[in-house]
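One structure below.
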Amino acid sequence: MPELPEVETIGRALHLQLVGARILQVEVRQPRLRRLVDIEALVAGCVDRRIEAVRRRGKYLVVELNRQRCLVLHLGMTGSFRIEPAGAPTLPHDHVVWELDDGRCWIFHDPRRFGCVVPASLSLDDTGRRGPLPELGPEPLSDGFTVEDFHRRLSRRQAPIKNVLLDQRVVAGIGNIYAGEALFMAGINPRRRAARIGRDSCRRLHRALREVLTEAIACGGTTISDYRSVDGLRGRFAVHLQVYGKPGENCPRCGAVAKIRVLPMAGRSTFYCPRCQH
DNA sequence: CTCATGACCTGACGGC
DNA sequence: TGCCGTCAGGTCATGA
């Protein structure tokens, strides 16, 4: 579910809520997430440590703990966090519960169990990666994401641009919704081979990605059904979506001239306007 | 290396 | 009402 704006929203909320708290204990109710939770390592990595920061990298969250440890978290499709008073009743699919020293507990909830909770040592390698994060491309909202570098990366790929945008090694944090929205904004057909995106189109796509992600973060993300931030609030970007989830509707740019179409690409639904996107 | 496909899970929804 | 197929915001392993 969550893409960069949703993970950013959740990460900011967790940072505000958790920094300064000390973890008294951690309970793993269901270790069988996408990667099996190593309970021993999680307990050793968490208990009696203070939470110092929560940061985002791509769609991952890194919770920094004192004494050089961290937690690497991913929300998969349906992961969420909430914070409750200690002893509050838990729900089905509450898989990990951290008890804090201030009378609250922090809960990881994930019905589909595509998320992960991985304890790691807090160390930077020479590429700036933390712990067991996979190889990730540049942060699209950072200065390190330049048109030149983006164009170079695209020029090596023969796959459709839509699929390449979903490759986290090319640029980090883009998922199905924002890939489709950015391609619409940039007027690029999702089936276009990435290597055949010219300099001008690449510049438009670069700008579109930054614009859509920035606006979505300002809205607290996009809620289609499940997604909620830590406080339980919905993201408000859904009303700004131009094409995602709107097959058969009039294109918002060319009006009634063309209808939005949907086609499967790499197993995911892709929405686009056949008239406006080339 | 690149690329496409299916697997991993649960729940919601529509058709019959 | 209930059963079945399909679909869902993500990643990862596998084989061509």
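Just so we're on the same page: letters track the sequence lines, and every chain starts at 1. Just so you know, these numbers use all the heavy atoms, side chains as well, and skip hydrogens, waters and symmetry mates.
Straight-line distance between the P atoms of C:dT14 and B:dC9: roughly 15 Å, to the nearest whole Å.
Residue contacts for A:R156: at a heavy-atom cut-off of 4.0 Å it reaches no nucleic acid atom on any strand shown. Among the atoms of the strands shown, none is found under 4.0 Å from any heavy atom of A:F237. In this structure, A:S80 reaches neither bases nor backbone, as no heavy-atom distance under 4.0 Å exists between it and the strands shown. Among the protein residues, A:G76 comes within range of the sugar-phosphate backbone only, with heavy atoms under 4.0 Å from sugar or phosphate atoms but none that close to a base. Residue contacts for A:D226: at a heavy-atom cut-off of 4.0 Å it reaches a base atom on one of the strands shown. Looking at heavy-atom distances under 4.0 Å, A:R34 makes contact with a base. Across all strands shown, A:Y244 has heavy atoms under 4.0 Å from sugar-phosphate atoms exclusively, and none from any base. Within the 4.0 angstrom heavy-atom criterion, only backbone atoms of the sugar-phosphate kind lie near A:S269; the bases stay farther away.
Using a 4.5 Å heavy-atom cutoff, the side chains of A:H240 and A:C219 are in contact. Contact of the A:I188 side chain with the A:I161 side chain is registered, since non-hydrogen atoms from C-beta on lie closer than 4.5 Å.
Judged by distance alone, the side chain of A:K59 and the main-chain N or O of A:I174 form a donor-acceptor pair under 3.5 Å. Put simply, the side chain of A:Q168 gets close to the backbone of A:L166: a donor and an acceptor are under 3.5 Å apart. Judged by distance alone, the side chain of A:E139 and the main-chain N or O of A:L141 form no donor-acceptor pair under 3.5 Å. When atom types are taken as modelled, the side chain of A:R210 and the backbone of A:F145 share a donor-acceptor pair closer than 3.5 angstrom.
Taking the centre of each ring, A:F184 and A:Y272 stay at or above the 6.0 Å mark.
Listed by first then second residue, pairs satisfying ring pair (Phe, Tyr, Trp, His ring centres under 6.0 Å) with a partner in residues 63-104 of chain A read A:Y60-A:H74, A:F81-A:W106, A:F81-A:F108, A:W98-A:W106, not counting sequence neighbours. Among residue pairs with one or both ends in residues 90-109 of chain A, those qualifying as salt bridge (Lys or Arg N to Asp or Glu O under 4.0 Å) are A:R82-A:D94, A:D102-A:R104; sequence neighbours excluded. The side-chain hydrogen bond (donor to acceptor under 3.5 Å, both in side chains) pairs that include a residue from residues 170-195 of chain A are A:E6-A:Y178, A:K162-A:N176, A:Y178-A:T222, where partners are two or more places apart or lie in different chains.
Consecutive Watson-Crick or G-U pairs involving DNA chain C, each under 3.5 Å on both distances, make up stems of three or more pairs at B:2-8 with C:10-16, B:10-16 with C:2-8.
Interface limits on DNA chain B: the 5'-most and 3'-most nucleotides within less than 4.0 Å of chain A heavy atoms are B:dC3 to B:dG11. Nucleotides of DNA chain C that come within less than 4.0 Å of any heavy atom of chain A span, from the 5' end to the 3' end, C:dA8 to C:dC12.
Between A:L122 and the choices A:R69, A:E64, A:R67, the side chain to side chain contact (heavy atoms under 4.5 Å, CB included) rule is met once, by A:E64.
Ranked by how close their nearest DNA chain C nucleotide is to the 5' end, A:Y60 and A:E6 are led by A:E6. The residue among A:R193 and A:R112 whose nearest nucleotide of DNA chain B lies closer to the 5′ end is A:R193. Between A:G267 and A:P111, the one whose closest nucleotide on DNA chain B sits nearer the 5' end is A:G267.
For A:D110 and A:T78, the side-chain atoms include at least one donor-acceptor pair closer than 3.5 Å.
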